[in-house]
Protein chains: 2
Amino acid sequence: MDERGTTVRARTLAGAGAASDAAPVAPARITDVARLAEVSTATVSRVLAHPERVAPGTRARVEEAVARLGWVPNPAARTLRSQKTRMVLVVLPDLENVFFSRILRGIEETLAAAGYGMIIADLGPASPRAGALAAFARRQVDGVILLNGRRLGPEAEDMPTIALCETIPGAAIPQIAIDNRAAARRVVAHLVGLGHRRIAHLAGPEGNVLEIERAAGYEDGLRDAGLAPDPALVWPGDYTLEAGVAAASRLLPGPGSAPERPTAVFASNDTMAIGLVGALQEAGLAVPDDVSVAGFDDIEFAAMYRPALTTVRQPRRDLGRVAAEAMLARLAGREASAEGPLATELVVRASTGPARR
Amino acid sequence: MDERGTTVRARTLAGAGAASDAAPVAPARITDVARLAEVSTATVSRVLAHPERVAPGTRARVEEAVARLGWVPNPAARTLRSQKTRMVLVVLPDLENVFFSRILRGIEETLAAAGYGMIIADLGPASPRAGALAAFARRQVDGVILLNGRRLGPEAEDMPTIALCETIPGAAIPQIAIDNRAAARRVVAHLVGLGHRRIAHLAGPEGNVLEIERAAGYEDGLRDAGLAPDPALVWPGDYTLEAGVAAASRLLPGPGSAPERPTAVFASNDTMAIGLVGALQEAGLAVPDDVSVAGFDDIEFAAMYRPALTTVRQPRRDLGRVAAEAMLARLAGREASAEGPLATELVVRASTGPARR
DNA sequence: TTGTAAGCGTTATCAC
DNA sequence: GTGATAACGCTTACAA
């Protein structure tokens, strides 16, 4: 015998406001719906999964009973029986990075419309939690969207997976991204157009795919203008504000500064660009009068910063939406339609100006 | 008969690397562990839930079998049977607000250490999704941490609930917050100490608890200095960058400007403060030379902005941790120990300076 | 088109 | 201290 035994469950119709001070109402179960609609539980279930296989009259009766009782299928029972969770895991490299929030919205909206939920995991590089997360994913979600540029681990190897933004070279999975290389090239072209000839690059983390692409675009842009890339003008960074601050010393007179100082800097993201500009102003240099600075991403603060930041706008919500759609296609057994990279836009603001030196 | 029938499941020991090109390995089940340890499934289950009730020798055998097979209990089965999900829902008013990310980390760390997972929901004010979220919560989580200042809805009324940051007056639930009123009062005292006498308040959303508290603290601060609160110096806002920008017009000469312009502004959050400072600089006013501006929260950008922002630092990670601990206490049937408000710190930076007028 | 019934993997009760 | 076993609520193959 079970602990609940044959106890009658507190039950009432949804919306029957009178029951407010009674015992907590247990949610309706499929058997309640079946009884009310005078059908079997199989038919109730079919109305949800394959409405076309149910006679219209029957279907209407079931639908009414569902509405009257406010029945929502118990997800645990559903998952246990069907081995489908209707959940998608989204893995971020850093939840504190504001860049991701709008992408998450795009994903969430699209998944929700299809009846899927989203679970967010924050997984720094080389986190010891990756293995645990893979084990978690295997049981708790039907698919994984990776924004951190690395596979989750062997446990989750065979589940539907999509890479977003940070692509994973060689992985045989759908990959959704912008053309980082072309975008970076455009930034450099913009700086060149302003007369800059010595243009530095404040890089992202070494080995990061985005950085590899953006660095390549930076070199493309220099070569387009007949300029030779100079390794002394490529400065290490890691997408943090602090990296931007640290880079400022290279533009200031004194030891550690670049031999012939650049007049413009292309930073691999807005956060570093803002750190750099702030530190330069602190040190008495004017942006863009002394140095032009461009970023990447167009985060919210880019427009509000002073000077407002020239940057590359990524279609963040669309990136999320497209990735979610690809995931839904995979989960439905369809081939995800291969789209090319999503379009970006160069947003010219006040942080870049004519070369004065 | 079931569709899976009596098919033998692909199975192997965890770490037996040889099976790589075989069919995907089905995860171990409790029966596999029981068989290997030569005990019943009941004993395996007991080793997890009540190890002290199992003989040490038996326990050791079970633990070894669990390790060998890499068994992790199937969460859906567990939830279905025990009616506990081991998940907590965290409801945010706005995922794009960077203020929350570190709080989330504090919550997540604490929950994870206790074997609980976290699900994040982004729920704007008066969202039509609130009802759906309450229904979701009822089935999918054991408790709810609310950061948005409002109860979820009748469906989730009787589940363990904690309010964090935005308290819910009158609700009989644990509430974790800082002392917004005292902190605001300190900001005003700081401005008064710099010689300011006309101090404006750029407010948060009307009716918001945080705003009510901070506005009260603002008035406290004025009264402490023998200054009379002036309604014309309380400007509407809504925590967005745009609200800060809009407020700038009140400090500029021309129609719509305050009759006798203030020399300092206490903004109810950093985002508005930054919007305000940016727009002032744009218009040719200097901060803090012409106007001092203080914010609230100490988000990451506050320190990097130029001028760096004077603001109130909230112990965000601790707020998350304490709320999660209170939740765990409730879930374990313990009374959450009532702590007072968490301490804040006034961080004086460059955006506030001596009154010059 | 609809119903019957097995079974998803676990936990909790009861009996020993 | 341990085992047998009945649920938890649902989906689906198969029968009718």
Side-chain angles (χ1 to χ4, degrees), chain A residues 1-7 9 11 26-35 37-62 65-66 69-86 115 138-140 142, chain B residues 1-7 9 11 26-35 37-62 65-66 69-86 115 138-140 142:
Chain A
M1 181 106 94
D2 200 60
E3 77 276 18
R4 200 210 259 187
T6 53
T7 317
R9 290 154 52 111
R11 172 155 328 292
R29 295 156 304 182
I30 196 171
T31 48
D32 302 319
V33 177
R35 193 177 315 119
E38 299 181 293
V39 294
S40 72
T41 60
T43 298
V44 175
S45 184
R46 261 191 299 261
V47 167
L48 295 193
H50 308 284
E52 74 287 355
R53 292 189 206 160
V54 177
T58 314
R59 193 191 333 177
R61 279 206 327 280
V62 171
V66 167
L69 295 171
W71 176 67
V72 179
N74 180 312
R78 203 174 219 197
T79 295
L80 180 57
R81 173 61 234 231
S82 66
Q83 307 287 18
K84 305 240 165 299
T85 62
R86 295 163 184 250
R138 178 169 195 97
R139 310 307 269 283
Q140 304 264 50
D142 295 341
Chain B
M1 184 103 96
D2 201 60
E3 77 276 19
R4 202 210 257 188
T6 53
T7 318
R9 292 154 51 111
R11 173 154 327 291
R29 294 158 305 181
I30 196 172
T31 49
D32 302 319
V33 176
R35 196 178 313 119
E38 299 180 293
V39 294
S40 71
T41 59
T43 297
V44 176
S45 183
R46 260 190 300 259
V47 166
L48 295 194
H50 308 285
E52 75 286 356
R53 292 190 207 160
V54 177
T58 314
R59 193 190 329 175
R61 280 208 324 283
V62 170
V66 168
L69 295 170
W71 176 68
V72 178
N74 180 312
R78 197 173 223 196
T79 295
L80 179 57
R81 175 62 237 227
S82 66
Q83 307 287 23
K84 306 242 166 298
T85 61
R86 293 163 186 253
R138 178 166 197 98
R139 310 306 269 284
Q140 303 265 52
D142 295 341

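Small disclaimer: the values here were computed from a predicted structure and weren't measured. Basis for what follows: all heavy atoms, side chains included, without hydrogens, waters or symmetry-related copies. Residue numbers begin at 1 in each chain, while the letters A, B, ... track the order of the sequences.
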Once you round it to whole Å, what is the distance between P of dT2(C) and CG of Leu48(A)? 15 Å
Do you know which two heavy atoms are closest between [X] and [Y], and how far apart they sit?
X: Arg139(A); Y: Thr85(A); result: O-CG2, 3.5 Å
X: Ile30(A); Y: Thr41(A); result: CD1-O, 3.6 Å
X: Ala34(B); Y: Ser40(B); result: CB-C, 3.8 Å

Of residues 49-59 of chain B, the positions that come close to DNA chain D - non-hydrogen atoms, cut-off under 4.0 Å: Arg53(B), Val54(B), Ala55(B), Thr58(B)
Please determine whether a side-chain nitrogen or oxygen atom of [X] lies at a distance below 4.0 Å from atom OP1 or OP2 of [N].
X: Gln83(B); N: dG9(D); answer: yes
X: Arg81(B); N: dA7(D); answer: no
X: Thr43(B); N: dG3(D); answer: yes
X: Ser40(B); N: dA4(D); answer: no

Under 4.0 angstrom, heavy atoms only, what part of the nucleic acid is Val44(A) near: base, sugar-phosphate, or nothing? nothing
Using a 4.0 Å heavy-atom cut-off, does Ser45(A) contact any base of the nucleic acid, only the sugar-phosphate backbone, or nothing at all? base
Through what angle, rounded to 10 degrees, does the axis of the helix from dT1(C)-dA16(D) to dC16(C)-dG1(D) turn between its ends, using five pairs per end? 30°
State which residues pass side chain to side chain donor-acceptor pair (under 3.5 Å) with Thr79(A); sequence neighbours excluded, sorted by chain then number. none
Heavy atoms of other groups near Arg86(B) CZ, more than 12 under 6.0 Å: no
